[in-house]
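For reference, the structure is listed below as structure tokens.
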Amino acid sequence: MRRLSLIPVVAGILVTPAVLAEPSDVAIALHGGAGTISKANLTEEQEQQYRQTLRQAVTAGYQVLQEGKPAMDAVIEAIQILENSSLFNAGKGAVYTYDGTHELDASLMDGATLQAGAVAGVKRVKNPILAARAVMALSPHVMLSGEGADTFAAAQGLTMVENNHFDTPFRRKALEDAKARLQQDTQALRWQRPDMLDYKFGTVGAVARDQMGNLAAGTSTGGMTAKRFGRVGDSPIIGAGTFADNRSCAVSATGHGEYFIRYHVAGDVCARVRYAGASLSQAASDVIHGELFDAGGTGGIIAIDSEGNIAMPFNTEGMYRASVDTSGKVTVAIYGEEGNGKIAVE
Ligand code: ASP
């Protein structure tokens, strides 16, 4: 209710007429990370688990939109489900730092008000996406980091856990493998190259368009396996891993964060839509398959525009992803070919 009451005021300033579409035109998309994800890397059972959880998250977010609630609520609902699943590199199931701990990053942006909130390097808040929302709604800041961010989250009454709550054997093994490789190849340590370390990503994110035509985006991650020295990726950085503006689009990214920061990927996609008049799919594709790929950056994005169009390009083997478009069609996909006409999408 609080947010809905803000909308008429803000909409007058920020929202273009195209945004005020049919109330039923709600849509949502989410990702669960991009990377070296192929049929050979997943058992049949794992694949089913991923598909089921992606479907559960996208359906829950869509339900929120159908109830007439803000896009921001739908994004948070979907991301929380993915954070609570140990399958993904966010919340429970987050990757390990070099030192064997977990440092989590998350961010959120509201396309109607351009309000944003983010946390970086938190260790104790159970759902970092809720901490990002608290920063946005309850502090005068956009980003809080480290111990201070955890202290703030606790002060807002969010559920706090011990750092080992995020442990999983699967991610522990990934750390051990990464460390073994780092010992063999010091360049890998220097550059943190995903191709050298065989990172399996798993960052999560969601974008949505609500009945008012407002957009929102959010992203949550454990970062990259074996990260050191308080490394922060793109996920909590507004304009890099997350961006939302009703005048263009909402984007959540996943991939090799250093590239997404330097190429301000989420902001670039929306700038192309807003200033160059590119369609969402053209802008998203040009950035992921052009700009980013040419630079050597791997990953993908999910994006939605003010009309509810959805784009989900990636330049890796696969990207866990799901969407419900404005016609209500549900898509759940993992591998590269799905949804591109080669394999029928679930
Ligand atoms: N972008 C995230 C990071 O660099 C990782 C990922 O998306 O898998 O921290």
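First listed ligand is number 1; within each ligand, the first listed atom is number 1.
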Can you sort out which atoms of ligand 1 are near [X], meaning under 4.0 Å from one of its heavy atoms?
{"X": "T203", "value": "2 (C), 5 (C), 6 (C), 7 (O), 8 (O)"}
{"X": "G223", "value": "5 (C), 9 (O)"}
{"X": "M224", "value": "4 (O)"}
{"X": "T254", "value": "6 (C), 7 (O), 8 (O)"}

Backbone or side-chain N or O of D105 under 3.5 Å from ligand 1 N or O
no
Below 3.5 Å, N or O to N or O, backbone or side chain included: is there any such pair between E258 and ligand 1?
no
Does S235 approach ligand 1 within less than 4.0 angstrom via side chain, backbone, both or neither, non-hydrogen atoms only?
side chain
Side chain or backbone of E103 under 4.0 Å from ligand 1, or both, or neither, by non-hydrogen atoms?
neither
I need the single residue from S235, P128, P236, S220 that forms a side-chain contact (heavy atoms from CB on, under 4.5 Å) with L104. Which is it?
P128
Give, for atom CG of L65 and atom CG of D73, the distance between the pair rounded to the nearest 0.5 Å.
9.0 Å
Can the ring centres of H31 and Y320 be said to be less than 6.0 Å apart?
no
Salt bridge (charged side-chain N to carboxylate O under 4.0 Å, His left out) assessment of D177 paired with K173:
CA-CA 6 Å; D177 292 349; K173 167 128 188 3; 2.9 Å; yes
Residue selection (non-hydrogen contact nearest atom 3 (C) of ligand 1) among T221, V232, D234:
D234
Min over A90, G255, G222, G233 of heavy-atom distance to atom 5 (C) of ligand 1 lands on G255
